[in-house]
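Each remark here refers to the structure printed beneath this line.
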Number of protein chains: 2
Amino acid sequence: MTNQTTTRDPEQTRLRIMEAGAELFVEHGFSSVTMSQLAKSAGVTKSLIHHHFGSKERLWEAVKERAFERYFSTQMAMLEEAGEPDAALLGASVEAYFRFLQANPEVVRLFAWTHLEGDTSCGELDAQLVGAGAEWVRQAQQRGLLRDDVNPTHVIATFVMTCTQWFEAKCHHQHWPGMGSDDAFLEDFLRIFLEGLLPRR
Amino acid sequence: MTNQTTTRDPEQTRLRIMEAGAELFVEHGFSSVTMSQLAKSAGVTKSLIHHHFGSKERLWEAVKERAFERYFSTQMAMLEEAGEPDAALLGASVEAYFRFLQANPEVVRLFAWTHLEGDTSCGELDAQLVGAGAEWVRQAQQRGLLRDDVNPTHVIATFVMTCTQWFEAKCHHQHWPGMGSDDAFLEDFLRIFLEGLLPRR
DNA sequence: GTATTAACTGGCCGGCCGGTCAATAATCGC
DNA sequence: GCGATTATTGACCGGCCGGCCAGTTAATAC
């Protein structure tokens, strides 16, 4: 058999606890989740969670840190495989980000919780990512492919925030009159956003 | 004196409890706030809160409902005093909404909590507001003042979501390299948004 | 092999949680 | 005025909270 019944694997255990934490915390928020729930969900005792992480708070921090790092490396990989900057590729990047959030709703919720907590650590890793994205926009501006009278960082921020809020506030606007599907909204947003960024004559 | 020491005013008491609830819940979230904190902050006993609202959950619902109604009436008033639709007035509306959120950060946090709870009630009142806004955009489209190949509801949603997320995720993006002030961002967003909405030639 | 360390368990703790209840005091209908 | 109603209090409840601790078992170092 692959797993002996009484074999210990502390790495695996830590991972199981973090995965349980990720699921419960992201779904219900830090303070709604109890150590008993975490223990039950991870299949370990409360004491073992304390042994590995010290406290509920430190487990939450470990969960967030792991999630941010995974997010960061995924996004960095997406950014690196993007080619030379131009308007079409900007559109493709927006769509890629939108699809990423669509496929990973837990990322959106994680951000929302950390924003409400006022936690700045989510933005620190992101700074590199945004720096690279803004540089990418700046090059396109210099080549005359995008209008150059807007701050490149604001260009990145605009589409990142729109995509994030679209999924974060789904329950808010999903029944608004005339509201379309994910795809329909993305299409309209891209129309406005990309044409708004064309060089001024 | 304006207030007798031992005079009862149940309306005023309900209000004090709701205001304490609004402040604490919006700041820390429903499950982090305890009845004892609420009671202390409102200057009443826990039992009195139960007497007036029945339970912690129902107090939270009352707080949200009151806040949504105030939000709705404020926004409706803003919408009604807006004049005939055109691109400049759309810009003014975006700015008005942005300034409203800037001046009322508790509204932003309230929306964020309700979104995480999956509460749809915030969107129901809004539906009217958005319906009116979308109609306003539609008229501008018919007059050839705005491009007509985008869904009017998506136009409203785009700027509402951008403004909301700007303030909601402030702690996330405030230290991004090159990120400007509230005003600088708003200016750039308006450039992109309004030019992206001009009629296609 | 054996001593040391680390993983892991179960039971327990003080404290606070949301909520209840009986008693009291102010207000209101008449 | 006076009885019914309702606002308000403080004492109290069972239960669960996060965390601790003593003890046991597995892995590791030598």
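Residue numbers start from 1 in every chain, and the chains themselves are labelled A, B, ... in the order their sequence lines are given, proteins ahead of strands. From a predicted model like this one, the values you see are computed outputs, not experimental measurements.
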Side chain to side chain donor-acceptor pair (under 3.5 Å) partners for A:Thr158, two or more places apart: none
Whole angstroms only, please: what is the CD-C1' distance between B:Glu57 and C:dC17? 12 Å
Contact list for DNA chain D against residues 13-36 of chain A - heavy-atom distance below 4.0 Å: A:Val33, A:Thr34, A:Met35, A:Ser36
So, does A:His51 get its side chain near the phosphate of C:dC8, meaning an N or O under 4.0 Å from OP1 or OP2? no
Restricting to side chain to side chain donor-acceptor pair (under 3.5 Å), what partner residues turn up for A:Arg138, sequence neighbours left out? A:Glu135
Just jot down the side chain to side chain contact (heavy atoms under 4.5 Å, CB included) partners of B:Val107, sequence neighbours excluded, or say none. B:Tyr71, B:Phe100, B:Leu101, B:Asn104, B:Phe111
Between A:His52 (NE2) and C:dA6 (P), how many Å, whole number? 12 Å
Which of A:Phe167, A:Phe189, A:Phe159 passes ring-ring contact (aromatic ring centres under 6.0 Å, His included) with A:Phe98? Answer is A:Phe167
Can you name the residues that form a side chain to side chain donor-acceptor pair (under 3.5 Å) with B:Arg191, not counting sequence neighbours? B:Glu187, B:Asp188
Rounded to whole angstroms, how far apart are CD on B:Gln37 and C1' on C:dG18? 13 Å
Where at least one partner belongs to residues 41-62 of chain A, residue pairs that pass side-chain hydrogen bond (donor to acceptor under 3.5 Å, both in side chains), sequence neighbours excluded: A:Trp60-A:Glu117
By side chain to side chain contact (heavy atoms under 4.5 Å, CB included) - contacts of B:Glu95 (at least two apart): B:Arg99, B:Leu186
Quick check on the 6.0 Å ring-centre criterion: do B:Phe25 and B:Trp113 meet it? no
In whole angstrom, what separates B:Asp9's CG from D:dT8's P? 8 Å
So what is the end-to-end bend of the helix from C:dG1-D:dC30 to C:dC30-D:dG1, with 5 pairs used at each end and the value given to 10 degrees? 20°
Atom-pair distance (CZ on A:Arg58; P on D:dG18), nearest Å: 15 Å
Without placing hydrogens or testing angles, list every side-chain donor-acceptor pair under 3.5 Å for residues 16-24 of chain A, not counting sequence neighbours.
{"unit_1": "A:Arg16", "atom_1": "NE", "unit_2": "A:Ala42", "atom_2": "O", "d": "3.1"}
{"unit_1": "A:Arg16", "atom_1": "NH2", "unit_2": "A:Ala42", "atom_2": "O", "d": "3.1"}

What is the distance, rounded to the nearest whole Å, between atom CZ of B:Phe53 and atom P of C:dG19? 14 Å
Going by the salt bridge (charged side-chain N to carboxylate O under 4.0 Å, His left out) test, which pairs reach into residues 125-134 of chain A, not counting sequence neighbours? none
Tell me the interatomic distance from A:Arg8, atom CZ, to D:dA27, atom P, rounded to whole angstroms. 7 Å
Sequence neighbours left out, what passes side chain to side chain contact (heavy atoms under 4.5 Å, CB included) with B:Val137? Give chain and number order. B:Gln141, B:Leu146, B:Pro152, B:Val155, B:Ile156
Using atom NE2 of B:His50 as one end and atom P of C:dT20 as the other, report the distance to the nearest whole Å. 6 Å
Residues from residues 39-49 of chain A sitting under 4.0 Å of DNA chain D, heavy atoms only? A:Lys46, A:Ser47
